[in-house]
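A short worksheet on the structure shown next.
Predicted, not measured: the structure shown is a model, and the values here were computed from it.
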Number of protein chains: 4
Amino acid sequence: MKKKQRALGRPRKEQGAMATEEIILHTATGLFLEKGFQHVSMDDVAKKCNVTKATVYYYYKTKTDLFMDSMIKLMVRIRERSSAILSTDEPLKTQLFQFASAHLKATVDIDINTFMKEAKITLSQEQMEEMKKAEDALYNELESALTRSMERGEIRKCNPRLATLVFVNLLTVKNSMDESYQNSFDSVEDLAKELVDFYWNGLAGGN
Amino acid sequence: MKKKQRALGRPRKEQGAMATEEIILHTATGLFLEKGFQHVSMDDVAKKCNVTKATVYYYYKTKTDLFMDSMIKLMVRIRERSSAILSTDEPLKTQLFQFASAHLKATVDIDINTFMKEAKITLSQEQMEEMKKAEDALYNELESALTRSMERGEIRKCNPRLATLVFVNLLTVKNSMDESYQNSFDSVEDLAKELVDFYWNGLAGGN
Amino acid sequence: MKKKQRALGRPRKEQGAMATEEIILHTATGLFLEKGFQHVSMDDVAKKCNVTKATVYYYYKTKTDLFMDSMIKLMVRIRERSSAILSTDEPLKTQLFQFASAHLKATVDIDINTFMKEAKITLSQEQMEEMKKAEDALYNELESALTRSMERGEIRKCNPRLATLVFVNLLTVKNSMDESYQNSFDSVEDLAKELVDFYWNGLAGGN
Amino acid sequence: MKKKQRALGRPRKEQGAMATEEIILHTATGLFLEKGFQHVSMDDVAKKCNVTKATVYYYYKTKTDLFMDSMIKLMVRIRERSSAILSTDEPLKTQLFQFASAHLKATVDIDINTFMKEAKITLSQEQMEEMKKAEDALYNELESALTRSMERGEIRKCNPRLATLVFVNLLTVKNSMDESYQNSFDSVEDLAKELVDFYWNGLAGGN
DNA sequence: GATGAATGAGCGTTCATTCAT
DNA sequence: TATGAATGAACGCTCATTCAT
């Protein structure tokens, strides 16, 4: 493979020029989310980054490490977005709706469970803990919001942890829907609305 | 290779002697549920059955075929159990509770999505259809029950398909719970009760 | 697989009803010629005969045995046909033409070499001898005809064995021709004629 | 795994140190010619090269690719040799004799047909084209020489393409000869002479 | 900082062959 | 006479990982 010609002289450090390490991480995240841990090979990552496999290994000791870093950084980003939404003055229901919309819009679903289950087999105890922590941080934000809301009497008192898990889980129903059913919703906001309504009212509850 | 010991006395003729084919299917189902499609090799299955890989291939043309058969038979079994529960005269909420209890009790969660996503890559169009059909049959039972209930005015009118998916989805929160949190429920029935309550009342509703 | 229903009573030994053994041999010959030794599995043969692999093994101890029998019987048949052609009163050139036509017409080319080379690796010494004998018998007929012709002064004196091999070899050029070139001959007879002319006159000679 | 012993003294720097890729190609060519496509496993090649199978796959994406490269490079080499012979000022018959000698001497017979037939089943359309092209280039050299000769009136006018194929084919009779008959020729040149004579004079023709 | 070469271990699959019935 | 079940050995291929440069 021929080296690409490079303009002479000291290349001015381009602003947008991501460092190799970042490129790899970013690319890997995309691939992992798209195909799942197993179906992404280190070669796939390398090729998509226009570097060699050895280079990937230069930055990430193992495939699992790369996966870990990808997922954790991803969760951090998600948490930041969530944080922003949940720290406004809007009423809880509105916040939940915004939260749901944001997540359903992301190609990237939070169905981190799916990835985790697949990867867990290869994760060390220590890595598991780290993942857990990142996940927890993600959930805690929401849990606090719910707790506050209960205290203010906005919603009925119930197990806030469970309520959190249920809500996050709810956003993954999209994956159970077949194409045609998914299309029966006019927009993502539509689906978000229906889900939040369901979460809010339950089967029996008011309109 | 050791002959499998057979308990003394009882089995005259073939009584109790599971056919190899069944043993393989049964073993495979367990392994697939435990580790996921990718992490189960044909050799794993074979070894656990005390036969050779070739024997497994004698009964199942490909790994995917074996997986398909495993999952479809599993869904059929689940559906049968569900059917039994949903066709009684009990009020819907009771039925939902029984349904939830049964599923949460099974080591085997209905989180078929997780498996599907992982395996889908290798499934042929035709196989996908077949899977879909099995999955649909599974959901339809519940959907009908919900629809009937709406018609009788037992619960509020809403999209029964979505309600179904949400309910099934709800049962998978267990997977998002870490060990310690899971143990905070006295029993599976406890968890089932909480989940059904949530499903029934929503965040706002209930007494 | 259901047994095909059989009419009651003692089945009259149908005339055309080939014995299983024959069916197998016949089928195998066809497959071997079509795909070559390696690309025909015992299962292929069995399936095409509507019997099980075990049945094939009941009649033929090994795949090589089956191949041997197929090829030898084939060579015998070819020899008989050749014999008929070479024992007429026609002039030699005419006989050669008929010989060539007959062989080129057969889907079954005499390119036995190709099969042999492929199979030889698995043939035992003894089997090789047997094959050789069948091949020789095939060639001897032609060699005698050539020798007689030389003695009668019809053709120039030369090594009759070599002349035989060259002639048989000549008939295999068809395999070297690509489709389009093959089609440039109006008919098999056309090609046969050209080849025999070449054989007869050489590069320099003739009219 | 033993380090390969290297002869003392000579090879300073990489002199004589064939690159692994070349070693593999060279070894593979030999094996394919000796045993045919089917009977050579990637492991065979690897072992004979003192590398692992994975290394072979590092250089050649599939077995078919390795085969293709082997055969095409071989044909190129043959063509070069042929070219040299056919571009001298010698009379055609002498050239043909040299051509025949050269080929018969090579352990490597041009019986490329045999290999092709065996391998064709696994070749892609594109690969087939490439092979055809290499084969054609091989034949064209000879065909041109024959055509030129016809134009100069050295030999009788006839289909030059067919004449080419016949000649090349003729050189494969050696494969039809059993050991003992092959030994009846004093030397390869002897056999070459007889074959060229036959090709030149035909059955009927001059002395 | 980045790479080319090499490997070990494993996987899905095929197939000739055996054997008890 | 015919078969269903089972197997051992191989094969083509992939991939995470290592290492010298």
Item to check | Closest approach of Ile72(A) to Glu130(A) (non-hydrogen atoms, all atoms of both residues) | outcome: CD1-OE2, 3.7 Å

Checklist entry - So what does Val56(B) hit on the nucleic acid, given a heavy-atom distance under 4.0 Å: a base, only sugar-phosphate, or nothing? => result nothing

Checklist outcome for this item: Considering only heavy side-chain atoms of Ala54(D), the closest of dA2(E), dT3(F), dC15(F) is dC15(F)

Checklist entry - Looking only at heavy atoms, which two atoms of Lys63(C) and Gln38(C) are closest? And how far apart? => result NZ-O, 4.0 Å

Checklist entry - Which of parallel (below 30°), tilted (30 to 60°) and perpendicular (above 60°) describes Phe37(A) and Phe32(A)? => result parallel

Checklist entry - Between dG4(F), dG12(F), dT17(F), which nucleotide gets closest to the side-chain atoms of Tyr57(D)? => result dG12(F)

Next on the checklist: Rounded to whole Å, how long is the line connecting atom OH of Tyr59(B) with atom P of dG12(E)?
Outcome noted: 20 Å

Item to check | Base-paired stems in DNA chain F, each at least three Watson-Crick or G-U pairs under 3.5 Å | outcome: E:2-21 with F:2-21

Item to check | Residue Thr55(C), side-chain atoms from C-beta onward, closest of dT3(E), dA6(F), dA2(F) | outcome: dA2(F)

Checklist entry - Any idea which heavy atoms bring Ile24(C) and Tyr60(C) closest together, and the distance? => result CG2-CE1, 3.8 Å

Item to check | N/O donor-acceptor pair, side chain Lys53(B) with base dT13(E), under 3.5 angstrom | outcome: yes

Checklist entry - Would you say the side chain of Leu25(B) lies within less than 4.5 Å of the side chain of Tyr59(B), judging by non-hydrogen atoms? => result no

Next on the checklist: Strictly by salt bridge (Lys or Arg N to Asp or Glu O under 4.0 Å), give each pair with a member in residues 44-55 of chain B just once, sequence neighbours left out.
Outcome noted: Asp43(B)-Lys53(B)

Item to check | Protein-nucleotide distance (Asp43(A), atom CG; dA6(E), atom C1'), rounded to Å | outcome: 14 Å

Checklist entry - Under 4.0 Å: is that the gap between some side-chain N or O of Thr20(C) and OP1 or OP2 of dT1(F)? => result no

Item to check | For atom CD of Gln38(C) and atom C1' of dT14(E), their distance in whole Å | outcome: 13 Å

Next on the checklist: Heavy atoms from C-beta onward define the side chain here; which of dT17(F), dT3(F), dA6(F) lies closest to that of Tyr58(C)?
Outcome noted: dT3(F)

Next on the checklist: Measure OH/Tyr60(C) against P/dC15(E) and give the value in whole Å, please.
Outcome noted: 21 Å

Item to check | DNA chain F: 5'-proximal contact among Ser41(D) and Glu21(C) (nearest heavy atom) | outcome: Glu21(C)

Next on the checklist: Return the CE to CG distance between Met68(D) and Leu66(D), rounded to the nearest 0.5 Å.
Outcome noted: 11.0 Å

Checklist entry - Which listed nucleotide (dT3(F), dG12(F), dG8(F)) is nearest to the side chain of Thr52(B)? => result dG8(F)

Next on the checklist: Measure CE/Met42(B) against P/dT14(F) and give the value in whole Å, please.
Outcome noted: 19 Å

Item to check | Whole angstrom value for the distance that separates P of dA16(F) from CZ of Phe32(A) | outcome: 9 Å

Item to check | Separation of atom NE2 in His39(D) from atom C1' in dG12(F), rounded to whole Å | outcome: 16 Å

Checklist outcome for this item: Closest of dT17(E), dA2(F), dG12(E) to the Lys63(B) side chain is dG12(E)

Checklist entry - Taking the nucleotide of DNA chain F with the closest heavy atom to each, which residue, Lys61(D) or Asp44(D), is nearer the 5' end? => result Asp44(D)

Item to check | Euclidean distance, atom NZ of residue Lys47(A) to atom P of dG4(E) [Å, nearest integer] | outcome: 12 Å

Checklist entry - Any side-chain heavy atom of Thr55(A) within less than 4.5 Å of one from Glu21(A)? => result no

